[in-house]
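Residue indices begin at 1 and follow the sequence shown.
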Amino acid sequence: MEGLTPMQTALLLMIVGMGTVFVILILIINLSKLMILAVNKIAPEEAPKKSVEVAPAAIAPNVEAAIKAAISQVAPKAMVTSIKKG
């Protein structure tokens, strides 16, 4: 790098450094995509099993009354329309 001014040397180093980072990032992206394809071929994701929907369990009347009483003390204007266990 003889005959280059310090500014030209700095510019050259910046371009080489940024180019190196760009090339490495492109390699990482492409290798990651290749690895994803390989893993999906070797061990494909299992299809989700169909689950039977279970009806929500009933809430005991005394528990429901306690919930309504607690809500009425905290927020007197609030109105409880339904309580579901879930």
Among all residues two or more places apart in sequence or in another chain, which pass the side-chain contact (heavy atoms from CB on, under 4.5 Å) test with Leu37?
-> none
Of all residues at least two apart in sequence or in a different chain, which pass the side-chain contact (heavy atoms from CB on, under 4.5 Å) check with Ile59?
-> Val63, Glu64, Ile83, Lys85
Euclidean distance, Ile67 CD1 relative to Asn62 CG, rounded to 0.5 Å | 10.0 Å
Could you check Leu34, Ile28, Asn30 and say which one makes a side-chain contact (heavy atoms from CB on, under 4.5 Å) with Ser32?
-> Ile28
Got a sec, which hydrophobics cluster with Val74, joining ILVMFWY side chains under 4.5 Å apart, including via others?
-> none
Other hydrophobic cluster members with Leu25, side-chain heavy atoms of Ile/Leu/Val/Met/Phe/Trp/Tyr under 4.5 Å, chained?
-> Val21
Identify, with sequence neighbours excluded, every residue that meets side-chain contact (heavy atoms from CB on, under 4.5 Å) alongside Met18.
-> Met14
Linking directly or through intermediates, with side-chain heavy atoms under 4.5 Å: list the remaining ILVMFWY members grouped with Met35, chain and number order.
-> Val39
side-chain contact (heavy atoms from CB on, under 4.5 Å) partners for Ile36, two or more places apart = Asn40
Hey, what do you get for CG (Leu11) to OG1 (Thr5), rounding to the nearest 0.5 Å?
-> 9.0 Å
Could you list who else is in Val23's hydrophobic cluster, with ILVMFWY side chains joined at under 4.5 Å, directly or through other members?
-> Leu27
